[in-house]
Amino acid sequence: MKSFRTELAFELEKRQEFINITAHVEAAVEESGIIEGLCLVNAMHITSSVFIENDEPGLHEDYSNWLSHLAPHQPEQPYQYSRPGEDNADAHLKRQVMGREVVVAITNGMLDFGTWEQIFYGEFDESRSKRVLIKIIGD
Amino acid sequence: MKSFRTELAFELEKRQEFINITAHVEAAVEESGIIEGLCLVNAMHITSSVFIENDEPGLHEDYSNWLSHLAPHQPEQPYQYSRPGEDNADAHLKRQVMGREVVVAITNGMLDFGTWEQIFYGEFDESRSKRVLIKIIGD
Amino acid sequence: MKSFRTELAFELEKRQEFINITAHVEAAVEESGIIEGLCLVNAMHITSSVFIENDEPGLHEDYSNWLSHLAPHQPEQPYQYSRPGEDNADAHLKRQVMGREVVVAITNGMLDFGTWEQIFYGEFDESRSKRVLIKIIGD
């Protein structure tokens with residue numbers, strides 16, 4: 001069995017932002033040399049998500065609006081999350097709806113995807129340096 | 001390490017529908033010959049889910065009603081998802097609540113499940129030909 | 001390829017409760033002897049979750065309140081889930097928001113985590129004996 005690990009790093013500019021990371025994951029699969037296996041892609045932060053969706057701006061706006069409705073950033077007053085200086089309780093809730101990770105099959109050395117599947121990093125907290133882990137195992 | 005890949009295909013009749021696919025996944029595990037490993041089962045479409053639940057019709061009706069409350073299909077007007085001819089923004093949101101995939105342990109050549117666990121395909125968009133990917137790795 | 005399987009068992013005291021199980025999963029990884037691989041941790045019940053979050057009590061209270069808002073336990077009347085003696089439809093819905101499972105990379109014989117990542121078992125149904133499955137594959 002082979003294994004491969006790499007990290008992606010981002011400097012984000014907005015409080016809430018979705019970034020298509022498919023090409024980075026494809027490059028990791030190629031670099032790994034793994035032909036048949038599983039690829040885990042996960043956010044290394046607890047206020048962000050990795051998820052699979054369509055790359056369509058209107059749809060991302062719908063996600064953003066819907067998540068803000070399910071877990072508003074303001075007012076903060078309903079939230080108890082009280083670590084000094086924290087105002088991101090809503091980001092923890094949004095991340096749970098969108099998920100921490102995806103596991104993708106690798107077949108014939110490629111991500112084994114349906115027609116519209118693309119991998120996104122979703123940030124729900126303020127702009128900061130953020131990381132994504134890619135771990136691949138297989139043969 | 002061994003690996004095995006297969007697809008399930010469905011012709012669905014309703015806009016929103018849950019199908020128990022456990023027997024299909026069990027058959028794939030048996031066909032794979034893998035005794036100890038991991039089994040990934042994922043929707044290949046971005047308006048549908050694979051999830052694990054109890055096979056109880058009342059519960060599925062509760063999921064359906066609850067998801068329709070969280071992300072209504074009508075009216076479409078709050079949604080920005082504007083690809084010509086698309087009216088399924090709600091289906092993308094519902095799929096995110098229910099998840100894209102499950103990863104199940106394989107132990108002694110069988111799905112390693114708790115008492116009530118069953119695997120379902122959940123469709124949230126209109127009736128069309130749909131696919132599910134099963135990828136198994138192990139020994 | 002090596003594989004390792006173990007179960008955790010809990011006797012829970014509250015209807016809704018979050019338990020940090022990170023140390024148990026770390027012990028399983030060490031016992032497995034696996035240095036590079038993937039670790040699946042999943043609830044074996046359909047009214048509970050395994051998820052990754054920060055170990056901060058205020059945040060857990062926020063999750064609890066938010067989930068109760070999204071899927072109230074009372075009144076039961078909107079739910080159809082009618083298996084005799086069941087009153088836990090809400091728990092099935094909450095579990096779907098929080099997820100059934102996590103898959104974590106193992107690197108250098110350790111859980112490959114970001115700074116704040118911790119693994120939790122989340123219970124949404126009444127107090128009962130509950131189980132979590134840990135399955136690890138790798139080399």
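The sequence lines fix the lettering, A, B, ..., with proteins before strands; numbering per chain opens at 1.
- Atom-to-atom distance recorded for C:Ile46:CD1 and B:Phe113:CZ is 11.0 Å, nearest 0.5 angstrom.
- Interatomic distance, CD of B:Glu53 versus CD of C:Gln96, reported as 6.0 Å (0.5 Å rounding).
- The side-chain heavy atoms of B:Asn54 and C:His45, taken from C-beta on, include no pair separated by under 4.5 Å.
- Although no hydrogens or angles enter the test, the distance criterion places no donor-acceptor pair under 3.5 Å between the side chain of B:Trp66 and the main chain of C:Tyr79.
- Note that NZ of C:Lys135 is 3.0 Å distant from OG1 of B:Thr107, once rounded to the nearest 0.5 Å.
- Note that CD of B:Glu101 and CZ of C:Arg100 are 11.5 Å apart. Values are rounded to the nearest 0.5 Å.
- Going from atom CD1 of C:Ile136 over to atom CD of B:Glu36 covers 12.5 Å, rounded to the nearest 0.5 Å.
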* **Derivation of the side-chain contact (heavy atoms from CB on, under 4.5 Å) call for B:Glu117 and C:Asn42** => CA-CA 11 Å; B:Glu117 291 189 288; C:Asn42 69 261; 4.2 Å; yes
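- When B:Ile106, B:Val102, B:Val103, B:Val97 are compared by the number of non-hydrogen pairs under 4.5 Å with chain C, B:Val103 comes out ahead.
- Looking at every heavy atom in both residues, C:Ile137 comes nearest to B:Gly37 through CG2-CA, 4.1 Å.
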* Kindly indicate, with the supporting measurements, whether the criterion salt bridge (Lys or Arg N to Asp or Glu O under 4.0 Å) is fulfilled by B:Asp112 and C:Arg5. => CA-CA 10 Å; B:Asp112 195 338; C:Arg5 178 200 193 274; 2.4 Å; yes
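- Rounded to the nearest 0.5 Å, atoms CG (B:Leu38) and SG (C:Cys39) are 9.5 Å apart.
- Heavy atoms of C:Ala43 lying under 4.5 Å from chain B belong exclusively to its backbone.
- Closest approach of C:Leu133 to B:Ala105, counting heavy atoms only: CD2-CB, 3.8 Å.
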